[in-house]
Amino acid sequence: MMAASGQLKTMKVHVRSFPWKPFGAELIGTSLLIAVGLSIVILDFGQGSSVVQLIPSAAWRRVVTGFFFGTTGAMIALSPLGKQSGAHLNPVVTFGFWLTGRLRSHHALGYVACQLAGAALGAAPLLGWGRMGRSVLYGATVPGPGFGPTWALAGEAAATFALIFGLFFFLRHRSLRNFAP
């Protein structure tokens, strides 16, 4: 289009690009968390595992498992994958960011879809654990002796609340932000 002054005027066109990198990072990060994290559970509690003989106390194995599972999540969060997407790795985290207005609805849906797909992708290699994996239901959360599904649900809800509270507490305080991805 020619302007009155005779100079060529260009129009800027805003093109929305699909957020491949953050969505892909969520898919891969969630997949790694599930595959590695649940492999740790299987290794530490599966029937026939040498870890069971090395650490006979189930309570201490839970501590070790929690440490290594958490370390896996932290390593993913601090990696380039985590930096790319914010390392939500959990639909509840994404929901928290959406509720606080820090994430648009269509991005939140994309994140959750990629997290669910990543979880399925990460669970597939667990079948390679065979009998040892089957002996602990491939790392599924199940109520312990004397506890029913209500207690298991309450435990999961409390842990999820602690995760979200801790995350937003760290993000809210400038001096603590460096300790959160």
Side-chain angles (χ1 to χ4, degrees), residues 21-97 111-167 169-170 178-181:
K21 288 182 180 180
F23 285 0
E26 278 298 302
L27 183 131
I28 294 167
T30 304
S31 178
L32 286 170
L33 180 64
I34 296 298
V36 174
L38 292 180
S39 288
I40 293 166
V41 172
I42 293 167
L43 184 62
D44 288 353
F45 289 93
Q47 187 177 30
S49 170
S50 58
V51 174
V52 174
Q53 288 135 10
L54 183 65
I55 307 172
S57 167
W60 277 109
R61 283 198 317 271
R62 279 192 292 278
V63 169
V64 169
T65 303
F67 174 79
F68 284 117
F69 203 121
T71 300
T72 300
M75 289 173 55
I76 293 167
L78 296 173
S79 76
L81 282 173
K83 302 276 187 205
Q84 183 64 239
S85 70
H88 295 192
L89 308 177
N90 183 329
V92 175
V93 174
T94 299
F95 186 63
F97 278 99
Y111 267 51
V112 170
C114 289
Q115 291 158 357
L116 294 175
L121 189 64
L126 298 175
L127 297 173
W129 283 99
R131 189 176 66 95
M132 189 185 303
R134 280 190 303 280
S135 73
V136 290
L137 302 173
Y138 299 100
T141 301
V142 294
F147 296 94
T150 303
W151 280 106
L153 180 62
E156 288 289 336
T160 301
F161 175 80
L163 169 72
I164 299 301
F165 179 82
L167 178 63
F169 180 82
F170 273 68
N178 290 337
F179 299 104

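- A distance of 3.5 Å separates CG in D44 from OG1 in T65, rounded to the nearest 0.5 Å.
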Test side chain to side chain donor-acceptor pair (under 3.5 Å) applied to S85 and E26, step by step
CA-CA 6 Å; S85 70; E26 278 298 302; 2.6 Å; yes
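- A distance of 10.0 Å separates CD1 in I40 from CZ in F67, rounded to the nearest 0.5 Å.
- Looking at heavy atoms from C-beta onward, T72 lies out of side-chain contact with L32 at the 4.5 angstrom threshold.
- In this pair, F147 and W151 present their aromatic rings perpendicular. The plane angle is above 60°, beyond the 30 to 60° band.
- The CD1 atom of I28 sits 10.0 Å away from atom CD of Q84, with the distance rounded to the nearest 0.5 Å.
- Smallest separation of non-hydrogen atoms from A152 and P143: CB-CG, 3.9 Å.
- With rounding to the nearest 0.5 Å, the separation of CZ in F68 from CE in M75 is 10.5 Å.
- Counting heavy atoms from C-beta outward, Q115 and T94 have side chains that approach closer than 4.5 Å.
- The shortest distance between side-chain heavy atoms of S135 and F45 does not fall below 4.5 Å.
- A distance of 8.0 Å separates CG in L38 from CG in L33, rounded to the nearest 0.5 Å.
- Contact check for V93 versus L163: side-chain heavy atoms found under the 4.5 Å cut-off.
- A donor-acceptor pair under 3.5 Å links the side-chain atoms of R61 to the main chain of P56, judged by distance alone.
- A 4.5 Å side-chain heavy-atom check between R131 and Q47 finds at least one atom pair inside the cut-off.
- Minimum interatomic distance between I42 and Y138 (heavy atoms only, all atoms of both residues): CD1-CA, 3.9 Å.
- Note: H88 and F97 have parallel aromatic rings, judged against thresholds of 30 and 60 degrees for the angle between ring planes.
- The structure places CH2 of W60 at 9.5 Å from CD1 of I55, a figure rounded to the nearest 0.5 Å.
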